[in-house]
Amino acid sequence: MQKYLLHIDGQQRPSADDSYFETDNPFTGRPWAQIARGQASDVEDAAQAAHRAMTTGPWASMSPSARGLVLQRVADVLEENAEFLARIEVRDNGKLYNEMLGQCRYLAQWYRYYGGLADKTEGRVVPVDKPGYFTYTRREPIGVVGIITPWNSPLLLLTWKLAPALAAGCSVVVKPSEYTSASTLEFVRILEQAGLPAGAVNVVSGFGPDVGGPLVEHPLVRKVGFTGSDATGRHIGAAAARGLKRVSLELGGKSPNIVFADADLDAAVNGAVSGIFAATGQTCIAGSRLLVQRSVHDEVVAKLVALASTARIGDPMSPDTQVGPITTRNQHKKVLEYIDIATAEGAQLALGGGVATGTGTDGWFVQPTVFTGVSNQSRLAQEEVFGPVLAVIPFDTEDEAITIANDSKYGLGAGVWTTDLPRAFRMAEAIESGTVWVNTYRAVSFMLPFGGVKNSGIGRENGAEAIDEYLETKSVWINTGAPTGNPFVLR
């Protein structure tokens, strides 16, 4: 069985007590590798290495332009290793190889984009109101950043934080999910092949109490970036606040996907299926609430069930597979429990509703599942299932659709399907979410900010705005001949 070590200060090393835990292949339901189980002392070593890297090491002495060139080389090396990384991701999280390969190939664009921004984080000269002073601002890296990543898209969601952090000149300690650590440990070695100095990126694998908590609370860590559940995000935010650390939190969602009667219904159904069943529903922006205008409700449901029932379930490495397994054993159990909850609440099962069989393995599969007759007050409509379970909710008017869409503690994403352009603009303005897609769904880019409102998070990733999450602004006053005056009076 393959064994993975921690990565600290450019070196692979065992954890402090040389202990390991197993990571499972969701397709087979069996372990395939051993991962070093980090401890608080390993976090201490990693934080010290990261601090040295950005204060006394070669990373600290690099000009912004030089940092940008390193990130450009990272992009080149990632492209060369995309297939290898995608295979590791599939083995660890069970997502489709085609999707993971697309993500791993796309990663390079983040490093090119932020490599280009690295030397454009400019301060400005400010003509202040007080004569005799030359004043300006500097943009400086915030310091050591702790990054905690989830299990559903480990490398993509790491990159959303890591690329702007490195472009800003920060150094990083990463705590990957204990369910999917292997790809991150492979990834960091590839980064250093591109010339990233030792200590700029460190990885300590392990569990929350052993690694995550000490990382968030470490005094050298000045910023924490986290993607995961809102419950964990709330805990991390509180812990970070005790140390007056900045945070960016990309949390859960219960995204409404809204279909109006004037929409291209075939396109809307394709978007609905992609929104909930792609990635087996294990994405924070899953369109898990399908709001359908009542006049076309039955037609949309019939088309939806017909299309979703053709989904090919099986080996995520096969190019023919359309729905893979649930990533973890616990999540598999949780999804099945929510199906039981929805049934008990009185929702009507239109498709699926159980364990998917016939895959030839002991993997953690759930059938694509559709419920109709769902109340927006039900647990199925209000709580994040994070699996291939869709709640269909009817509405009559545009105002009612907005009310239902916004009646949620979450606000990460939303979809609108309509051919009425003024309506599209009205809906985009009225819906409380960080992203609104019109006549498409789940599109993301390194160029456009992403994040949530309400319980879906704090801060923004991607786009030029993301680098600001990792920079401090310093003001500089230079006396060029201002009179000294009374030293006891604020001038």
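Residues: numbered from 1 along the sequence shown.
Ion pair D76/R112 flagged as a salt bridge, since at least one NZ, NE, NH1 or NH2 atom sits closer than 4.0 Å to an Asp/Glu carboxylate oxygen. Under a 4.0 Å N-O distance rule, the pair R105/E83 qualifies as a salt bridge.
For S183, the side chain to side chain contact (heavy atoms under 4.5 Å, CB included) criterion is met by I88, E89, P154, L155, not counting sequence neighbours. Legend: residues meeting ring-ring contact (aromatic ring centres under 6.0 Å, His included) with Y113, ordered by chain and number and at least two apart, are F446. Take D264 and apply the side chain to side chain contact (heavy atoms under 4.5 Å, CB included) test, not counting sequence neighbours, and it matches D266, A267. Evaluation of the ring-ring contact (aromatic ring centres under 6.0 Å, His included) rule for F395 yields F260 as partners, not counting sequence neighbours. Every residue meeting the side chain to side chain contact (heavy atoms under 4.5 Å, CB included) condition with V203, not counting sequence neighbours, appears here in chain and number order: H7, V174, P176, T184, L185, V188. Residues forming a ring-ring contact (aromatic ring centres under 6.0 Å, His included) with F84 (at least two apart in sequence, or on another chain): none. Not counting sequence neighbours, Y114 has no partner by the ring-ring contact (aromatic ring centres under 6.0 Å, His included) test. By the side chain to side chain contact (heavy atoms under 4.5 Å, CB included) test, Q322 pairs with A311, R312, sequence neighbours left out.
In this structure, a donor-acceptor pair under 3.5 Å is absent between the side chains of Y111 and Q109.
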N/O donor to acceptor pairs below 3.5 angstrom from side-chain atoms of residues 462-469, sequence neighbours left out:
| unit_1 | atom_1 | unit_2 | atom_2 | d |
| --- | --- | --- | --- | --- |
| N462 | OD1 | W110 | NE1 | 2.8 |
| D468 | OD1 | R139 | NH2 | 3.2 |
| E469 | OE2 | R460 | N | 3.1 |

With a cut-off of 3.5 Å and sequence neighbours excluded, list every side-chain donor-acceptor pair involving residues 378-385.
| unit_1 | atom_1 | unit_2 | atom_2 | d |
| --- | --- | --- | --- | --- |
| S378 | OG | S375 | O | 2.7 |
| S378 | OG | A381 | N | 3.3 |
| R379 | NE | E383 | OE1 | 3.1 |
| R379 | NE | E383 | OE2 | 3.0 |
| R379 | NH2 | E383 | OE1 | 3.1 |
| Q382 | NE2 | N376 | O | 2.6 |
| Q382 | NE2 | D407 | O | 2.9 |
| E383 | OE1 | Y338 | OH | 2.4 |
| E384 | OE2 | G253 | N | 3.1 |

Which side-chain N or O atoms in residues 410-419 pair as donor and acceptor under 3.5 Å with protein atoms at least two apart or in another chain?
| unit_1 | atom_1 | unit_2 | atom_2 | d |
| --- | --- | --- | --- | --- |
| Y410 | OH | D230 | OD1 | 3.1 |
| W417 | NE1 | N257 | OD1 | 2.8 |
| T418 | OG1 | D262 | OD1 | 2.8 |
| T418 | OG1 | D262 | OD2 | 3.1 |
| T418 | OG1 | D420 | N | 3.0 |
| T419 | OG1 | D262 | O | 2.9 |

Donor-acceptor list for residues 95-102 side chains, cut-off 3.5 Å, not counting sequence neighbours:
| unit_1 | atom_1 | unit_2 | atom_2 | d |
| --- | --- | --- | --- | --- |
| K95 | NZ | N152 | O | 3.1 |
| K95 | NZ | S153 | OG | 2.8 |
| E99 | OE2 | R442 | NH2 | 3.3 |

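The environment of E429 atom CD is sparse: at most 12 non-hydrogen atoms of other residues, nucleotides or ligands sit within 6.0 angstrom.
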